[in-house]
Amino acid sequence: MKTHIMIDLETLGTNVDSQILSIGACAFGPDGISDTFYTVINLPQDQHVKTTPGTLAFWLGQGSEALSAIWATDMKLDEPEALIALAHWLQGFAGEHIIWANGTKFDLGMLEHAYKEFLMTPPWFHNADRCMRTLRAHVGRINIDFNGIPHHALDDAKYQALYVIQAHNILGLEWE
């Protein structure tokens with residue numbers, strides 16, 4: 001069986017080149033979540049970052065838990081270091097990966113753009129991406145408790161992975 005990975009980002013915008021704030025990921029399979037990755041991006045203090053006004057308004061409306069998970073943490077890496085750390089974490093799993101996201105154009109599109117911007121190759125094959133939104137369109141709402149802080153990349157990734165596991169069970173899908 002291939003390693004299934006769920007990736008979630010928190011960003012300052014909705015465009016592919018928007019600033020990434022944090023990266024959360026978890027490895028999962030039919031038995032649950034087996035490993036996690038999380039990092040917050042250290043924003044450059046003297047450079048412009050790409051954002052969208054609607055996303056700024058969204059973040060201003062979030063609670064203190066969500067904001068402090070990104071702004072008040074000491075565990076920050078510069079963006080290229082964060083991308084390298086994610087690639088190294090993914091290399092820890094033998095064989096090929098299935099890379100899931102809640103919409104491959106958003107999370108994975110932004111990550112692929114960031115890797116290319118820093119002259120790195122994305123650490124997954126071009127055909128490894130899977131979309132949780134497609135599953136949700138076929139399965140609908142599943143009653144899963146959310147544990148953690150909303151809009152925290154790792155907590156969101158874990159929730160999304162649990163959804164995919166349940167959707168596989170409901171649809172009777174085989175694990176790749």
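Side chains are part of it too, since the values below use all heavy atoms of this structure and drop only hydrogens, waters and symmetry mates.
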- prompt: Taking only residues at least two apart or on different chains, which pairs with a member in residues 129-143 satisfy side chain to side chain donor-acceptor pair (under 3.5 Å)?
  reply: Asn102-Arg136, Arg130-Glu176
query: How many angstroms lie between atom CG of Asp31 and atom CD1 of Ile33, to the nearest 0.5 angstrom?
result: 12.0 Å
message: Taking side chain to side chain donor-acceptor pair (under 3.5 Å) as the cut-off, I'd like each qualifying pair that reaches into residues 155-166, sequence neighbours left out, listed once.
response: none
query: In chain order, what residues pass the side-chain hydrogen bond (donor to acceptor under 3.5 Å, both in side chains) check against Thr55, with sequence neighbours excluded?
result: Thr52
message: Which residues pass the ring-ring contact (aromatic ring centres under 6.0 Å, His included) test with Trp89, not counting sequence neighbours?
response: Phe37, Phe93
message: Is there a continuous path of hydrophobic side-chain contacts, each under 4.5 Å between heavy atoms, that joins Ile5 to Leu173?
response: no
- line: For Asp17, the salt bridge (charged side-chain N to carboxylate O under 4.0 Å, His left out) test, sequence neighbours excluded, returns Lys50
message: Is it the case that over 12 heavy atoms from other parts of the model lie below 6.0 angstrom from the CZ atom of Phe58?
response: yes
With Trp175 via side chain to side chain contact (heavy atoms under 4.5 Å, CB included) - residues at least two apart: Met1, His4, Phe28, Pro30, Ile165, His168
- prompt: For residues 104-121, which residue pairs qualify under side chain to side chain donor-acceptor pair (under 3.5 Å), counting only residues two or more places apart or in two chains?
  reply: Glu112-Trp124, His113-Glu117
- request: Supply the atom-to-atom distance Cys26 SG to Leu162 CG, rounded to the nearest 0.5 angstrom.
  value: 7.5 Å
task: First locate atom CG of Leu83, then atom OG1 of Thr39, and finally report the distance between them rounded to the nearest 0.5 Å.
output: 9.5 Å
query: Which ILVMFWY residues can you reach from Leu119 by hopping between side chains whose heavy atoms are under 4.5 Å apart?
result: none
field: Pairs involving residues 5-14, ordered by first then second residue, that meet side chain to side chain donor-acceptor pair (under 3.5 Å) (sequence neighbours left out)
entry: none
Approximate separation, where rounding is to 0.5 Å, of Ile98 CD1 and Lys2 NZ: 4.5 Å
- prompt: At their closest point, which heavy atom of Ala94 faces which heavy atom of Thr3, and how far apart are they?
  reply: O-OG1, 3.8 Å
field: Ser22 versus Ile41, closest heavy-atom pair with distance
entry: N-CG1, 4.2 Å
message: Side chains of Leu111 and Ile7, heavy atoms from C-beta outward: is any pair under 4.5 Å?
response: yes
field: Heavy-atom closest pair, residues Pro123 and Leu90
entry: CG-CD1, 3.6 Å
statement: Sorted by chain and number, sequence neighbours left out, ring-ring contact (aromatic ring centres under 6.0 Å, His included) with Phe118 holds for none
query: With Asn15, which residues qualify under side-chain hydrogen bond (donor to acceptor under 3.5 Å, both in side chains), at least two apart?
result: none
- request: Under the salt bridge (charged side-chain N to carboxylate O under 4.0 Å, His left out) rule, collect the residues that match up with Glu81, sequence neighbours excluded.
  value: none
